[in-house]
**Q** 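Have a look at this one.
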Amino acid sequence: MKTIKGLLLASLFATAFAGAAVLKTDPAKSSVTATFKQMGVPVEAKFKQFTAHIDYDAAKPAASKATVEIQTASLDLGDPDYNKEVTKKEWFNTAQFPKASFVSSSIAAAGAGKLNVSGKLTIKGRSADVRFPLTVKTEAGKQVFEGQLPIKRLAFNIGEDEWKDTSMVADEVVIKFRVAAAQ
């Protein structure tokens with residue numbers, strides 16, 4: 001009798017979560033970058049360390065969830081001195097705020113292969129509600145999620161003191177991401 005009850009409970013549990021799939025991120029095929037202008041010149045920097053947890057159901061996107069954490073000290077501007085500079089208090093203050101994060105609050109279908117994502121972005125201890133479009137496609141057996149999120153760096157206190165001058169470093173930053181993941 002215990003075996004039948006156990007099997008019944010296991011079957012009910014499996015059925016309740018059958019549609020949603022927790023996906024494992026493929027770091028080699030995923031990326032997060034920040035694009036901005038410094039003295040009018042476009043700069044693209046890559047975050048080398050991040051994790052993405054995606055619970056995605058293509059049939060029911062509204063049941064999907066996503067969480068991304070970025071190690072702010074992993075920003076690579078292509079120069080060791082610049083990389084060290086952005087870890088300081090005036091920029092990311094990585095000693096006090098080692099991670100930036102995004103947690104989805106809603107994901108909605110927006111047409112074939114398109115989603116609208118809303119959630120909370122937290123950088124340097126400051127949070128803001130954000131919304132952005134996202135594309136999703138299947139590529140080599142993986143779900144690939146791509147999008148970009150424009151932000152204002154000063155809203156997150158990135159660039160304090162003399163670095164608040166937006167003629168040196170523009171306030172507009174575009175966070176671009178590509179996450180490839182599979183079961």
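For reference, positions follow the sequence shown, starting with 1.
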**Q** Measure from the side-chain N and O atoms of T122 to the backbone N and O of S127, and report whether any donor-acceptor pair falls under 3.5 Å.
**A** no
**Q** Pair V174, L149 - check side chain to side chain contact (heavy atoms under 4.5 Å, CB included), show working.
**A** CA-CA 6 Å; V174 178; L149 171 61; over 6 Å; no
**Q** Which pairs, with at least one residue in residues 169-179 and sequence neighbours excluded, count as a side chain to side chain donor-acceptor pair (under 3.5 Å)?
**A** E139-R178, E146-R178, K152-E172
**Q** Quick check: do I70 and V68 have side-chain heavy atoms less than 4.5 Å from each other?
**A** yes
**Q** Applying side-chain hydrogen bond (donor to acceptor under 3.5 Å, both in side chains), name anything that partners K120, two or more places apart in sequence or on another chain.
**A** D129
**Q** Could you list the residues that satisfy salt bridge (charged side-chain N to carboxylate O under 4.0 Å, His left out) with K142, not counting sequence neighbours?
**A** D26
**Q** Which residues satisfy the ring-ring contact (aromatic ring centres under 6.0 Å, His included) test with F50, sequence neighbours excluded?
**A** none
**Q** What residues form a salt bridge (charged side-chain N to carboxylate O under 4.0 Å, His left out) with K60, not counting sequence neighbours?
**A** none
**Q** What heavy-atom pair brings A110 and N116 nearest, and what distance separates the two atoms?
**A** CB-ND2, 3.5 Å
**Q** Can you find a heavy atom in the side chain of K164 that is under 4.5 Å from one in the side chain of L154?
**A** yes
**Q** According to side-chain hydrogen bond (donor to acceptor under 3.5 Å, both in side chains), who are the partners of S104, at least two apart in sequence or on a separate chain?
**A** none
**Q** For residues 38-48, which residue pairs qualify under side chain to side chain donor-acceptor pair (under 3.5 Å), counting only residues two or more places apart or in two chains?
**A** T35-E44, K48-D76
**Q** If you look only at pairs with a residue in residues 27-47, which of them pass as a ring-ring contact (aromatic ring centres under 6.0 Å, His included), with sequence neighbours excluded?
**A** none
**Q** Is there a side chain to side chain contact (heavy atoms under 4.5 Å, CB included) between L23 and Q183? Walk through the geometry before answering.
**A** CA-CA 5 Å; L23 303 177; Q183 291 183 337; 3.8 Å; yes
**Q** Could you tell me the separation between the CD1 atom of I54 and the NZ atom of K24, rounded to the nearest 0.5 Å?
**A** 13.0 Å
**Q** Applying side-chain contact (heavy atoms from CB on, under 4.5 Å), name anything that partners K124, two or more places apart in sequence or on another chain.
**A** N93, F97, N157, E160
**Q** What pair of heavy atoms forms the shortest contact from S30 to T25, and how long is it?
**A** OG-CG2, 3.6 Å
**Q** Using side-chain hydrogen bond (donor to acceptor under 3.5 Å, both in side chains) as the criterion, list what pairs up with K99, not counting sequence neighbours.
**A** E69
**Q** Would the distance check show the side chain of R153 and the main-chain N or O of V173 forming a donor-acceptor pair, the cut-off being under 3.5 Å?
**A** no
**Q** Taking ring-ring contact (aromatic ring centres under 6.0 Å, His included) as the cut-off, I'd like each qualifying pair that reaches into residues 107-157, sequence neighbours left out, listed once.
**A** Y56-F145, F102-F132, F132-F177
**Q** Only pairs at least two apart or in different chains count here, so list each ring-ring contact (aromatic ring centres under 6.0 Å, His included) that has a residue in residues 75-95.
**A** W91-W163
**Q** Working to the nearest 0.5 Å, report the span between CG of L134 and CD1 of I107.
**A** 7.5 Å
**Q** Got a second to check how far L75's CG is from T87's OG1, nearest 0.5 Å?
**A** 10.0 Å
**Q** I need the minimum non-hydrogen distance between P42 and G40, along with the two atoms involved.
**A** CD-O, 3.8 Å
**Q** Is there a donor-acceptor pair closer than 3.5 Å between any side-chain N or O of T33 and the backbone N or O of A45?
**A** no
**Q** From I123 CD1 over to T72 OG1, what is the distance, rounded to the nearest 0.5 angstrom?
**A** 9.5 Å
**Q** Check whether any side-chain heavy atom of V136 sits under 4.5 Å from a side-chain heavy atom of L115, and report yes or no.
**A** yes
